[in-house]
Asker: 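Structure below; questions to follow.
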Amino acid sequence: MNLPFAWPRNLAEAKPLQEQLARQVRQSPLPGAIRTVAGIDAAFVGDRIVAAATLFDYQTLEFLCSAHAVREVTFPYIPGYLSFREAPAFLAALEQLPSPPDLVIVDGQGIAHPRRLGIASFLGVLLGRPTIGSAKSRLVGEYVEPAMERGAWTPLVDRGEEVGAVLRTRSGIRPLFVSPGHLITLSEALAAVLHCTVRYRLPEPQRVADRLAAQLKRELPASC
DNA sequence: GCGACAG
DNA sequence: ATCTTGTCGC
């Protein structure tokens with residue numbers, strides 16, 4: 001993907017771009033039927049980041065294919081600015097897929113972010129496609145622990161705004177922090193995450209991407 | 001100033 | 001994210 005802007009190299013350059021992209025996020029109903037769903041995650045090898053993307057049939061959850069990309073890390077990890085560190089690799093991995101997914105589940109937040117532009121929303125705006133933020137821990141917001149049964153959820157509220165939900169994808173297991181990324185509503189995001197979560201805590205596309213990233217990390221040539 | 005803080 | 005083995009529990 002040819003980015004419509006120069007990639008930020010520091011916080012000063014990232015801030016204005018983040019504000020601009022945040023204004024483009026849309027929490028609207030899914031634009032159409034979902035036939036395929038992708039999952040993305042990353043791992044680090046020295047000063048390089050390896051991103052893995054998976055593609056599944058949404059209806060049957062049948063695995064279709066996977067792809068990956070390796071990039072040099074050019075931005076530090078700063079809470080609230082994760083996109084500028086990981087998005088380049090994620091976009092590259094997604095481009096390697098044979099066809100663009102109808103929905104992307106991202107390991108990280110959607111609008112449950114200080115400025116409403118977590119990495120899932122960031123990618124959604126750049127891709128112009130529906131995305132969901134599926135994080136393993138909280139970045140912002142207050143909530144009450146959801147009930148222990150699978151499917152139970154409580155709202156995640158930040159500064160008086162409902163920015164996502166704390167969802168129990170498996171009974172008795174730590175919940176996930178789900179939030180709309182772009183072009184999707186919270187209820188649709190919750191339904192999609194539950195639909196994709198059958199046996200493990202993470203939605204299948206995200207879980208397999210996670211496993212693949214870890215595998216690539218082990219097999220990649222030692223950087224030095 | 002202090003504490004919080006996706007991956 | 002990553003450093004790190006075994007171990008408790010279903």
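Chain letters run A, B, ... following the sequence lines, proteins first, then strands; residues in each count from 1.
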Asker: Please classify the nucleic acid contact of A:I78 as base, sugar-phosphate, or nothing, using heavy-atom distances under 4.0 Å.
Answerer: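 A:I78: no heavy atom of the nucleic acid under 4.0 Å.
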
Asker: Would you mind classifying the nucleic acid contact of A:E86 as base, sugar-phosphate or nothing, using non-hydrogen atoms under 4.0 angstrom?
Answerer: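 Sugar-phosphate only.
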
Asker: In this structure, would A:F56 and A:L103 fall into the same cluster of hydrophobic residues linked by side-chain contacts under 4.5 Å?
Answerer: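 Linked within one cluster.
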
Asker: By the 4.0 Å heavy-atom rule, please label A:F75 as base, sugar-phosphate, or nothing.
Answerer: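 Since no nucleic acid heavy atom lies under 4.0 Å of A:F75, the category is nothing.
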
Asker: Indicate whether the side chain of A:S171 and that of A:E149 have a donor and an acceptor atom separated by less than 3.5 Å.
Answerer: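 No, no side-chain donor-acceptor contact under 3.5 Å.
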
Asker: Considering only heavy atoms of chain A and a distance under 4.0 Å, specify the first and last nucleotide of DNA chain B in 5' to 3' order that meet this criterion.
Answerer: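 Both ends considered, the range comes out as B:dA4 to B:dG7.
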
Asker: Rounded to whole Å, how long is the line connecting atom CD of A:Q109 with atom P of C:dA1?
Answerer: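 One finds 13 Å between P of C:dA1 and CD of A:Q109, rounded.
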
Asker: Using a heavy-atom cut-off of 4.0 Å across all strands, would you classify A:A43 as base, sugar-phosphate, or nothing?
Answerer: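 The answer is sugar-phosphate, as A:A43 gets under 4.0 Å only of primed atoms, P, OP1 or OP2.
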
Asker: Counting a pair only when it is Watson-Crick or G-U and both distances are under 3.5 Å, which runs of at least 3 such pairs involve DNA chain C?
Answerer: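 When the pairs of DNA chain C are grouped into runs of at least three, no such run exists.
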
Asker: For ring-ring contact (aromatic ring centres under 6.0 Å, His included), just list the numbers for A:H195 and A:Y58, CA-CA rounded to whole Å, side-chain angles, deciding distance to a tenth of an Å, and then say yes or no.
Answerer: CA-CA 9 Å; A:H195 171 78; A:Y58 187 75; 4.4 Å; yes

Asker: Do any side-chain nitrogens or oxygens of A:K136 fall under 4.0 Å of OP1 or OP2 in C:dA1?
Answerer: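 Yes, such a contact exists.
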
Asker: For the pair A:F75 and A:F84, name the ring-plane relationship: parallel under 30°, tilted 30 to 60°, perpendicular over 60°.
Answerer: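 Judged by the thresholds at 30° and 60°, the geometry between A:F75 and A:F84 is tilted.
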
Asker: Whole-Å distance between C:dA1 C1' and A:F90 CZ?
Answerer: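 Spelled out: CZ on A:F90 to C1' on C:dA1 is 11 Å.
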
Asker: Can you sort out which residues in residues 200-215 of chain A have a heavy atom within less than 4.0 Å of DNA chain B? Ascending by number, please.
Answerer: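 Nucleic-acid contacts, sorted: none.
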
Asker: Under 4.0 Å between any heavy atoms, over every strand shown, what does A:G80 touch: base, sugar-phosphate, or nothing? Just pick one.
Answerer: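 The answer is base, as A:G80 lies within the cut-off (heavy atoms under 4.0 Å) of a base atom.
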
Asker: Does any non-hydrogen side-chain atom of A:K136 lie less than 4.5 Å from one of A:R201?
Answerer: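 Yes, their side chains come closer than 4.5 Å.
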
Asker: Would you mind classifying the nucleic acid contact of A:F44 as base, sugar-phosphate or nothing, using non-hydrogen atoms under 4.0 angstrom?
Answerer: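 Result for A:F44 = sugar-phosphate.
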
Asker: With a sphere of 6.0 Å drawn around CZ of A:R150, does it hold more than 12 non-hydrogen atoms of other residues, nucleotides or ligands?
Answerer: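 Atom CZ in A:R150 is packed in, count exceeds 12.
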
Asker: Surrounding CZ of A:R199 (heavy atoms of other residues, nucleotides or ligands, distance under 6.0 Å), is the total greater than 12?
Answerer: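 Not buried by this count: 12 neighbours or fewer within 6.0 Å.
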
Asker: Of the options A:L61, A:T60, A:L55, which is the one that meets A:D57 in a side chain to side chain contact (heavy atoms under 4.5 Å, CB included)?
Answerer: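 Only match with A:D57 under side chain to side chain contact (heavy atoms under 4.5 Å, CB included): A:T60.
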
Asker: Starting at CZ of A:R199 and ending at C1' of C:dC10, how long is that distance when rounded to a whole Å?
Answerer: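 In whole Å, C:dC10 C1' lies 13 Å from A:R199 CZ.
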
Asker: Which value, rounded to the nearest 0.5 Å, describes the distance between A:I132 atom CD1 and A:L123 atom CG?
Answerer: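 One finds 13.0 Å between CD1 of A:I132 and CG of A:L123.
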
Asker: Begin with the C-alpha distance, continue with both residues' side-chain angles, and end with the deciding distance and a verdict on side chain to side chain contact (heavy atoms under 4.5 Å, CB included) for A:R129 and A:H182.
Answerer: CA-CA 7 Å; A:R129 289 181 169 285; A:H182 185 51; over 6 Å; no

Asker: With no hydrogens and no angle check, just 3.5 Å: does a side-chain donor-acceptor pair link A:R35 and A:Q59?
Answerer: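 Per modelled atom types, A:R35 and A:Q59 side chains form no pair under 3.5 Å.
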
